[in-house]
Trainee: 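A single structure is presented below for examination.
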Amino acid sequence: MKRRIAGVCTLADVAAAVAFPLAANAADGLAAPTFSQEGGRFTESATVALTAPQGAEIRYTLDGSTPTAKSPIYKKPLVIEETSNLAAVSIKGGVTSPAEIEGYIIKAEEEPQLSFFVMATCTRRPSTTRTGASGAATSTPWPRSTPIPT
């Protein structure tokens, strides 16, 4: 949820005003398009369907920039085959929604560069060895109430 501080406009308001200077801003209530597939990392192409409010057209870009009146009109689901930032706006009756943006990272499966192994845990408590006054060594188990030093 976006917050507005009195007297200060949000970045979305500025972007909408620059992209569509004659259009009303997001405060007029036109909802942004919804994406059928959330952004993320994919090992194969991602197909994304966009939906907008009844009667609104959708304009989109694949470079993350705010769509303008010159941006492509959405007509069918988009197949994203390379890493892209999909941005889309709804336009209806001269009103433009805020941009909705999702990032899609398309990468082949990779083998891990490093492997980590966990060593077995200590199953018995350590003991201390002390040398008494007679010179004889004695071994004493570590008390259970005392933490084992690391």
Side-chain angles (χ1 to χ4, degrees), residues 1-129 140-150:
M1 175 180 235
K2 294 180 185 162
R3 291 185 177 177
R4 179 177 277 212
I5 300 171
V8 178
C9 58
T10 64
L11 182 58
D13 293 334
V14 173
V18 170
F20 298 97
L22 301 176
N25 68 22
D28 292 329
L30 183 61
T34 57
F35 294 44
S36 65
Q37 177 70 51
E38 287 186 13
R41 183 182 169 147
F42 301 86
T43 56
E44 296 179 357
S45 62
T47 300
V48 183
L50 305 176
T51 55
Q54 182 82 24
E57 80 175 5
I58 299 172
R59 298 278 182 157
Y60 70 93
T61 63
L62 292 171
D63 63 1
S65 63
T66 301
T68 67
K70 294 180 181 180
S71 298
I73 297 174
Y74 171 80
K75 295 179 182 175
K76 63 180 184 176
L78 302 169
V79 178
I80 299 175
E81 296 178 334
E82 60 185 37
T83 298
S84 302
N85 288 313
L86 174 60
V89 294
S90 301
I91 303 171
K92 182 177 181 181
V95 177
T96 303
S97 74
E100 183 70 25
I101 303 172
E102 290 285 345
Y104 300 89
I105 299 171
I106 312 297
K107 290 193 87 160
E109 293 217 25
E110 299 172 346
E111 291 295 320
Q113 298 284 326
L114 297 171
S115 295
F116 294 94
F117 297 95
V118 176
M119 304 305 286
T121 59
C122 181
T123 58
R124 65 175 246 239
R125 300 192 67 81
S127 59
T128 58
T129 303
T140 308
W142 199 271
R144 291 205 178 268
S145 62
T146 306
I148 298 173
T150 55

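These values consider heavy atoms only, across backbone and side chains, with no hydrogens, waters or symmetry-generated copies. Keep in mind the model is a prediction, meaning the values are calculated, not measured.
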Trainee: List the atom of P67, the atom of A87, and the distance in Å for their closest heavy-atom pair.
Mentor: CG-O, 3.5 Å
Trainee: How many angstroms lie between atom CG of L78 and atom OG of S45, to the nearest 0.5 angstrom?
Mentor: 12.0 Å
Trainee: Whether the side chain of S90 engages the backbone of A31 through a donor-acceptor N/O pair (distance < 3.5 Å, no angle test) should be reported.
Mentor: yes
Trainee: Got T43 and K107 here, is their nearest side-chain heavy-atom distance under 4.5 Å?
Mentor: no
Trainee: Is there a donor-acceptor pair closer than 3.5 Å between any side-chain N or O of K92 and the backbone N or O of S97?
Mentor: no
Trainee: Does any N or O in the side chain of T68 come within less than 3.5 Å of the main-chain N or O of K70, such that one atom is a donor and the other an acceptor?
Mentor: yes
Trainee: Looking only at heavy atoms, which two atoms of A99 and T66 are closest? And how far apart?
Mentor: CB-CG2, 4.5 Å
Trainee: For Q37 and V48, which heavy atoms make the closest approach, and how far apart are they?
Mentor: CB-CG2, 4.0 Å
Trainee: In Å and rounded to the nearest 0.5 Å, what is the OH to CG distance from Y74 to L50?
Mentor: 5.0 Å
Trainee: Taking all non-hydrogen atoms of both residues into account, name the closest pair between T51 and I58 and its distance.
Mentor: C-CD1, 3.8 Å
Trainee: How many angstroms lie between CZ in F42 and OG1 in T83, if you round to the nearest 0.5 Å?
Mentor: 10.5 Å
Trainee: Report the distance from atom OG1 of T47 to atom CD1 of I80, rounding to the nearest 0.5 Å.
Mentor: 8.5 Å
Trainee: Under 4.5 Å between any side-chain heavy atoms of S71 and Y60, yes or no?
Mentor: no
Trainee: Taking all non-hydrogen atoms of both residues into account, name the closest pair between A46 and I106 and its distance.
Mentor: N-CD1, 4.3 Å
Trainee: I'd like to know if the side chain of R59 reaches the main chain of A69, judged simply by a donor and an acceptor atom lying under 3.5 Å from each other, with no hydrogens or angles considered.
Mentor: yes
Trainee: Measure the spacing between CG of N85 and CD of E102 and express it to the nearest 0.5 Å.
Mentor: 9.5 Å
